[in-house]
Every structure is written in structure tokens, then in C-alpha cells.
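Every heavy atom of this structure was used, including side-chain atoms; hydrogens, water molecules and symmetry mates were not.
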Amino acid sequence: MREILGRRRRLRLRRKEATARLDAALTCATVWQWPVLPGVGTAQPADPYGESAGLGCACPETDCAVPGAHPFDPGLLAATTDERMVRWWWTNRPAAPVLLATGGRAPCAVSLPAVAGARALSALDALGMRLGPVVATPTRWSLLVAPYTLERLGELLYAKDWVPSSLRFHGEGGYLVLPPSRTGAGQVRWERPPASLGTSGSLVSRGRGKDGAPTAASPWLPDVEAVLDALVEASTGAPGGGSRLAY
């Protein structure tokens, strides 16, 4: 009886998680107009020694660096805001992570290791920096920023004497895993949720289309230059001349 009840609870939990992922993908695609696609997902690797093992990647690479958290089939170019396509994907693959295709008209991101990310948020709060949504995984935290081009990013980095080596930039041609996905590294969550998910930290902006009609609401995003400047400032002054945002 206990085993049956346990199976039922796990089944209810899986259904709840699947519904949450579909809802998140639909919100991104149809409300915020962020192009999304399903990630490859995870699989339990075979263990010839009978020992417990963590979740591996469902892709063919046995030593995948980001298990479950990357595009595979479909590829990144399939990312869309079409409601019917999003529903079809997550109806057929309810456990698939939600991936955001960054760049273009979609948000970009600046990420750093998780421990450094926690320090960075505290430092930016102390500086009075207004932040947008922040995605947290067990290994990295990502600060969402307004779209930028690779050319502009290159100019910003060239103008800096020094930039923390722990920073990664997710722009055109990139992707980012979004909550409430689960990957081989663990659960993905909002460290700073978008305002429309029930918080007041980031205001929601509304734009207008070419015909003058209001476009869908989307979370407010800071400019990448402001975030980069603040991160560089927050990283300096560590004892011994190092970086406060190092690994």
C-alpha cells in the first residue's frame, strides 16, 4: 500500500511539474514574446557497477558538459513564439527544459558562477543597481538584460581595462535554460522573478507595434552596459587585488 501511495504521489508531482513547464513556456512565448524551444532533457545513465548515478544528458555525448540544458532536436533555429508549436512540444515532451533563444528581439544575459552570482547581487543591491529577472541554477546565475548585438558587446568589452574572467555573455545565437526546468545539474529557479510572476522588484513594460497597437507585456530589462559597469565595479577591491567575482 505504501508503495502504491508513493507511486501516486510521484505521478501527481510529475504532472504538476509538467504543467508548470508548459505554463512557463507559454508565458514566455505568447505573453512576453520570447522565442523558446525544448531542451534535450536528461536520462538516467547506465551504471555497470550498480552504484547510484546522477542524471545524464539525453544527447549522444557521454561526457556532455551541460547535461539536459541544451538544444538537440529540434535545433536552436526552431525557437518560436507560436502557441500551437509550444503546446505540441511540451505535450509530447512534458519533462523537457524550457530554453530561451537569446538575442535578436529576445533578452540576452550575463552569467557568472553561482557563488560569485550571490555575491554580485548583494554588491549590486548595495550600489542601488536596478536589476531585471535573475535565473539561478546550481552552477551559474544569469542576469537577464535588454537585447544587444555582438558588435556592441565587443565595443563595450574593448573599452574596459579589465573584465572578470568568470563572466559569460549570452547574446545572438545563444540560449539560456529557464525555470522551472530541471537539468542534469539540478533545479532551475528564479532568484529574482519577473514582475508578472508576482513580484514588484522589476516593472513590466509595454511597447507598441508598427500599427500603434500595444504589444504584449514583458518584464523590464536593464541595459547590458549598466550591468557590465556595475559588475566590474563590484568585482574590484578584493583583498590582494583579486576579483570578488572570481570562481
Side-chain angles (χ1 to χ4, degrees), residues 17 20-36 39 66 69 97-103 105-148 153 156 163-164 166-171 174-183 185-207 216-235 243-247:
E17 291 177 345
R21 280 186 288 269
L22 173 59
D23 289 345
L26 287 172
T27 296
C28 291
T30 65
V31 179
W32 300 340
Q33 293 297 294
W34 295 359
V36 297
V66 284
V98 180
L99 297 186
L100 165 69
T102 55
R105 295 185 178 182
C108 296
V110 180
S111 73
L112 59 168
V115 174
R119 295 195 200 110
L121 258 61
S122 296
L124 297 187
D125 287 342
L127 293 172
M129 175 74 191
R130 181 187 177 192
L131 295 174
V134 178
V135 176
T137 75
T139 55
R140 296 191 73 83
W141 287 19
S142 302
L143 286 65
L144 269 62
V145 298
Y148 59 77
L153 177 62
L156 292 174
V163 173
S166 59
L167 297 184
R168 293 180 187 170
F169 299 90
H170 308 259
Y175 59 88
L176 192 70
V177 62
L178 296 179
S181 303
R182 181 178 294 276
T183 70
Q187 185 66 44
V188 183
R189 61 182 177 83
W190 293 110
E191 176 63 24
R192 299 285 174 89
S196 50
L197 292 185
T199 67
S200 58
S202 303
L203 299 179
V204 173
S205 61
R206 287 183 180 270
S218 59
W220 178 85
L221 300 169
D223 185 76
V224 64
E225 182 175 7
V227 172
L228 180 59
D229 288 346
L231 287 173
V232 170
E233 181 179 351
S235 68
S243 170
R244 296 183 185 275
L245 305 185
Y247 284 91

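Here the OH atom belonging to Tyr148 is positioned 5.0 Å from the CG atom belonging to Leu153, to the nearest 0.5 angstrom. Taken from CD in Glu233 to CE in Met129, the straight-line distance is 10.5 Å, to the nearest 0.5 Å. For the atom pair Arg140 CZ and Leu112 CG, the distance stands at 6.5 Å (nearest 0.5 Å).
Pairing each heavy atom of Leu178 with each of Cys28, the nearest pair is CD1-SG, 3.7 Å. Across all non-hydrogen atoms, the minimal contact from Val227 to Pro222 is CG2-CG, 3.7 Å. The two residues Ser181 and Gln187 have their closest heavy-atom pair at O-NE2, 3.0 Å. Shown here for Pro219 and Pro133, the closest heavy-atom pair between the two residues is CB-CG, 4.0 Å. Closest approach of Pro138 and Gly186 over heavy atoms only: CG-CA, 3.9 Å. Of all heavy-atom pairs spanning Val36 and Ala29, the tightest one is CG2-CB, 4.1 Å.
Looking at Leu228 and Leu167, their side chains come closer than 4.5 Å, going by heavy atoms from C-beta outward. In this structure the side chain of Trp32 reaches within 4.5 angstrom of the side chain of Pro194, judged on heavy atoms. No side-chain heavy atom of Thr183 sits under 4.5 Å from any side-chain heavy atom of Thr137. Side-chain contact between Gln33 and Ser218: absent, with no pair of heavy atoms (C-beta onward) separated by less than 4.5 Å. Contact check for Leu176 versus Leu144: side-chain heavy atoms found under the 4.5 Å cut-off. Counting only heavy atoms from C-beta outward, the side chains of Val177 and Leu99 approach each other to under 4.5 Å. Put simply, the side chain of Leu121 reaches to within 4.5 Å of the side chain of Arg192, judged on heavy atoms.
Residues passing the ring-ring contact (aromatic ring centres under 6.0 Å, His included) test with Trp141, sequence neighbours excluded: none.
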- Task: Carefully, step by step, assess Trp190 and Val135 under the rule side chain to side chain contact (heavy atoms under 4.5 Å, CB included).
- Result: CA-CA 5 Å; Trp190 293 110; Val135 176; 3.4 Å; yes
- Task: Please lay out, stage by stage, how Leu124 and Leu143 fare under the test side chain to side chain contact (heavy atoms under 4.5 Å, CB included).
- Result: CA-CA 11 Å; Leu124 297 187; Leu143 286 65; 3.9 Å; yes
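Using modelled atom types, one side-chain atom of Thr102 and one backbone atom of Gly171 make a donor-acceptor pair closer than 3.5 Å.
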